[in-house]
Amino acid sequence: MSRSARAAGSASPVRRATVTAPANIAFVKYWGARDLARAVPVNPSISMTLARCVSRTSVERLDGAGADEVWLAAGPAEVGAAAAAPIDPGEAFRRRVTAHLGELRRRLGVEGQRYRVTTANSFPAAAGIASSASGFAALAVAVAAVAGRQAAPEELSALARASGSGSASRSVLGGYVEWPAPGSPEDDPRAVQLAPADHWDLRDVIAVVESGAKEVSSLDGHRRAASSPHFARRLELLPERLRRVRRAIAERDVHALGETIEEEAIELHLVAMSSHPPVYYWNPGTVEVLAAVRALRASGVPAWSTMDAGANVHVLCPPEAEEAVAERLGRVAAVERLIRDGVGAGPRVEEVVE
Ligand code: PMV
């Protein structure tokens, strides 16, 4: 049994749990909701769970407290990093976390509990690197552990999504993950693993061209999606694209995967840019990186781009191409920094204190 399963299933009362949960990069994107409040998607999505872009979150039960506390841990999210005085995250962040805590308590049947949450990211937040996915996945896994709840990955997927961040439902699983669309509006679709991380070693070189917060949240993007004249057409094309991505993962066909995910990313942003009002996530650096990746391919290097709801570009490639990709992207003037990541195994319970 994994440490995470053991912790979540422990019958003894857990006082504090510390969890790292990874971001993910969507190959086929969740864009547009049937029910935004419950993060019920219009279309199925598929992603790769990352290894190094993680949120590290501690949840401590506060016995006798009347309210939750939410803190940002100062310093890096790496496990074992020296503890420094935590930082006040501000009202908006606190509200989103406490709303998720309320929903988690309700679903786990521990309404009376109050928590101190301390969290940090190993990468820039709100910049299209799925910080909400990793953050809410970490929170869900940690609260389930403190509640002493035996939680299977499917349940953790639903708990993570109760935050309102749909992509969080995929970050509770490692490797290659699909989050299906609902059969009916009442459905509660849960993510499933298509293949574990060791099925296929793929790398993701992330070109950071914008490390500040994006102007339009993905929630607003979902809200506006159906106003694009291209939204309905995208939905018609998606079943075939989903089949191609599933097959490419099963057969470890990087060329088929690469072509499909690049096409999908451009189309997602086409929908965003043609929404009312329009949503522009790209900046000039995004376009420079896209051109550099096309140039890499023209020179024989297998590498393909994708972007979530942000300006930063994820460049997917096999391990033997990673060096050439990093070298070329490092020469793009607009690139602030590169994050070298790859497929990862999913959340880990790092510490449980009873
Ligand atoms: O999970 P949300 O509500 O932040 O939406 C995620 C949107 C995309 O990152 C663009 C696509 C995806 O499937 O991750």
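The analysis underlying the following values was restricted to heavy atoms, covering all of them including side chains, and did not include hydrogens, waters or symmetry mates. Ligands are counted one by one from 1 in listed order, and the atoms in each one are counted from 1 as well. All figures in this text were calculated on a predicted structure; none of them were measured in a lab.
Close approach of ligand 1 to Ala26 (heavy-atom distance below 4.0 Å) involves ligand atoms 12 (C), 13 (O), 14 (O). Shown in contact with Ser167 at under 4.0 Å from a heavy atom are these atoms of ligand 1, numbered in order with element: 1 (O), 2 (P), 4 (O), 6 (C), 14 (O). In summary, the atoms of ligand 1 found under 4.0 Å from a heavy atom of Ser132, numbered by their order in the structure, are 4 (O). Atom numbering of ligand 1 starts at 1 in the shown order; those under 4.0 Å from a heavy atom of Ser218 are 2 (P), 3 (O), 4 (O), 5 (O).
In this structure, Ala133 has no heavy atom closer than 4.0 Å to ligand 1.
Note: an N/O pair closer than 3.5 Å links Gly166 and ligand 1 by distance alone. Backbone and side-chain nitrogen or oxygen atoms of Lys29 are examined, and none is located within less than 3.5 angstrom of a nitrogen or oxygen of ligand 1. Between Tyr30 and ligand 1, a contact under 3.5 Å exists for at least one N or O pair.
A salt bridge does not link Lys29 with Glu264: none of the charged nitrogens is closer than 4.0 Å to a carboxylate oxygen.
Heavy-atom neighbours of Glu236 CD from other residues, nucleotides or ligands within 6.0 Å: above the threshold of 12.
Across Arg190, Arg107, Arg149, a single residue satisfies side-chain hydrogen bond (donor to acceptor under 3.5 Å, both in side chains) together with Glu155, and that is Arg149.
Side chain of Arg52 to main chain of Arg340: a donor-acceptor pair is present (N/O by atom type, distance under 3.5 Å, no hydrogens or angles).
Proximity of Ser165 to ligand 1, defined as any heavy-atom pair under 4.0 Å, is shared by backbone and side chain alike.
When side chains are defined from C-beta on, Ile46 counts as touching Ile249, because their heavy atoms get closer than 4.5 Å. Using a 4.5 Å heavy-atom threshold, the side chains of Val177 and Val172 count as separate.
Of all the listed residues (His269, Arg170, His222), His222 holds the heavy atom that lies closest to atom 5 (O) of ligand 1.
Between His222 and Tyr30, the ring planes are parallel. Angles under 30° get that label, and only those over 60° would be called perpendicular.
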